[in-house]
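A note on names: the letters A, B, ... follow the listed sequences, proteins ahead of strands, and every chain is numbered from 1. Quick caveat: nothing in here was measured; it's all calculated off a predicted structure.
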There are 2 protein chains.
Amino acid sequence: MTLSALTAQATRQDNFATQVLSQLKQDILSGFYNPGEKLRMARLKERYNVGVSPLREALSQLLVEQLVVVENQRGFKVHPTSQAELQDIYQTRAAIEALCVGQAIDLGDDAWEASILAAAHQLKKSAPLLDDTLQNSQQWEKLHHNFHTVICLGCQSPALMQVRLGLYEKASRYRNLWLKQHMVDNAVFDANFKEHDELVETLLKRDKEKAVSMIKSHLLAPYVLLKDSQF
Amino acid sequence: MTLSALTAQATRQDNFATQVLSQLKQDILSGFYNPGEKLRMARLKERYNVGVSPLREALSQLLVEQLVVVENQRGFKVHPTSQAELQDIYQTRAAIEALCVGQAIDLGDDAWEASILAAAHQLKKSAPLLDDTLQNSQQWEKLHHNFHTVICLGCQSPALMQVRLGLYEKASRYRNLWLKQHMVDNAVFDANFKEHDELVETLLKRDKEKAVSMIKSHLLAPYVLLKDSQF
DNA sequence: CCCAGTAATAATGTCGACATTTTTGTGTAA
DNA sequence: TTACACAAAAATGTCGACATTATTACTGGG
């Protein structure tokens, strides 16, 4: 216990289940495990260097987040993918994030506007690196997500933000699976630099209707690419 | 294991964690445990007749649903309540359910309309019993929730329905805590029988704007009562 | 050759035990 | 009396072991 806790450079304020949760989630979202793949305990124990108890706790949480499924006495599997779920997730995500943006425009203050400009700036600065390594691509995606998160934070609703995050994660799984399959990186989705500038402008002008509409199409753009793929 | 599994009349297709999850959730939502109350393992083991493993799995799931909180090495507590969260939950719930209703009006078919009429009928039939026992009151609340669920099902989005359910549950916790505190039953909230009739009519007419508006005010009505209470 | 029934193998779900940490209780000194 | 240090008690988090259940392999009959 002390051994692996230290080797894993664990903050002592997290228990094993919490650590395993984030690793396991990352592995599922990144496509390390395939949809529907059986998650045998022996293998998981070996990979994450923990016993079954923390593993089952982590898997239980992923169960609620619908990233794994369970059948009694038959263990855990990675949540299967489907065209129907892909569509549901992307469309619902667009609707939810549109809701966030709409409320943010009503409620956002000066600090909100400032944070948007800051996030947009960081995003733009990292854009030139896009064609570079996978790591840079992931870094850009992180900034991209941060940009949208900051916008949504203006809605001032933790509940909405949490729902939004869950949908983002599930969508990112489909995106990652697609990227893995097609051997390209995030850059494919994000040729729309201009959209961000225009979005910022629209938000600062508090043009609710246009901003909501832009967000929806912005988030559904990747779906158009993904929807005809095989998962 | 076999013993308690049988005494609890357990369907063999559910493991202990699943059974404990529903009981524990029910106990939290019903207000059996107080907000912020410490959930000591010894007590939980005794109450639910299981070991720590299934308990921790169930609690892990409630953690994701934000019905409990955890601090490392200090165990689990019931999620605390707050005015801020009360407001966030009720307002977000209204927004989400309005979204469901809006989409349902766009997508709902004949079967959807029929199911609404059926649910409304059942609800109306059970209304006369309202002043009766606590059990009838809970039965009515169940039918009431079913009525709204059926309406929302027209949106044809499992993701949205799941989000909606989570918010309903959290809202119901606040409602139950309030009821417990004020020593009255659900009937207080539901003097609005006419609203249901009018809502059905509006839905069948596909008057989206009016239906969305009605749902919002319908769901926020209890909040007006709750918001000035002490939790 | 293929299928059914059965034995073996493997994997799951649960509990009890142990080490670690937190909390409680007690006594001493200022 | 209050504050602090230290000891005792309790509670948490984890693992290994065990019973139960599912899966695979094998054998014999059709």
Assert: residue with more 5' nearest nucleotide on DNA chain C, out of G75(A) and S53(A), is G75(A)
Of all of residues 33-45 of chain B, which get a heavy atom below 4.0 angstrom from DNA chain D, listed by number? K38(B), L39(B), R40(B), M41(B)
Among dT14(D), dC15(C), dG13(C), which is the nearest nucleotide to the side chain of F76(A)? dG13(C)
Tell me: CG of D14(B) to P of dT14(C), nearest whole Å? 10 Å
Can you measure N15(B) atom CG to dT21(D) atom P for me and round it to whole angstrom units? 13 Å
Could R43(A) and E37(A) be called an ion pair, given the rule that one side-chain N must be under 4.0 Å from one carboxylate O? yes
Stacked cation flag R47(B) on F32(B), 6.0 angstrom / 45 deg: yes
Which heavy atom of G75(A) sits nearest a heavy atom of K38(A), and at what distance? CA-NZ, 4.3 Å
Do we see a donor-acceptor contact under 3.5 Å between the side chains of S30(A) and N176(A)? no
Taking the basic N atoms (NZ, or NE/NH1/NH2) and the acidic carboxylate oxygens, is any pair closer than 4.0 Å for K25(B) and E169(B)? yes
If each of R74(A) and P54(B) is mapped to the nucleotide of DNA chain C with the nearest heavy atom, which maps nearer the 5' terminus, i.e. the 5' end? R74(A)
What pairs with Y48(A) under ring-ring contact (aromatic ring centres under 6.0 Å, His included), at least two apart in sequence or on another chain? none
Within this structure, what is the CD-to-P distance between E71(A) and dA22(D), rounded to whole angstrom? 10 Å
Pairwise 5' ranking along DNA chain D for V70(B) and V52(A), keeping only the more 5' one: V70(B)
Rounded to whole angstrom units, what separation is found between the CG atom of L59(B) and the C1' atom of dG13(D)? 13 Å
Name the closest nucleotide to the F16(B) side chain, picking from dG13(D), dT14(D), dC15(C). dC15(C)
Value in whole Å for how far the P atom of dT12(C) lies from CD of E57(B): 13 Å
Kindly say if R56(B) contacts the phosphate of dG13(D), meaning a side-chain N or O under 4.0 Å from OP1 or OP2. yes
Whole angstrom value for the distance that separates P of dT20(D) from CG of N72(A): 15 Å
Measure the distance from CG on N49(B) to P on dC15(C) and round it to the nearest whole Å. 10 Å
Just to verify, what does Y33(A) make a ring-ring contact (aromatic ring centres under 6.0 Å, His included) with, not counting sequence neighbours? none
Distance in angstrom units between Q73(B) CD and dA10(D) C1', rounded: 13 Å
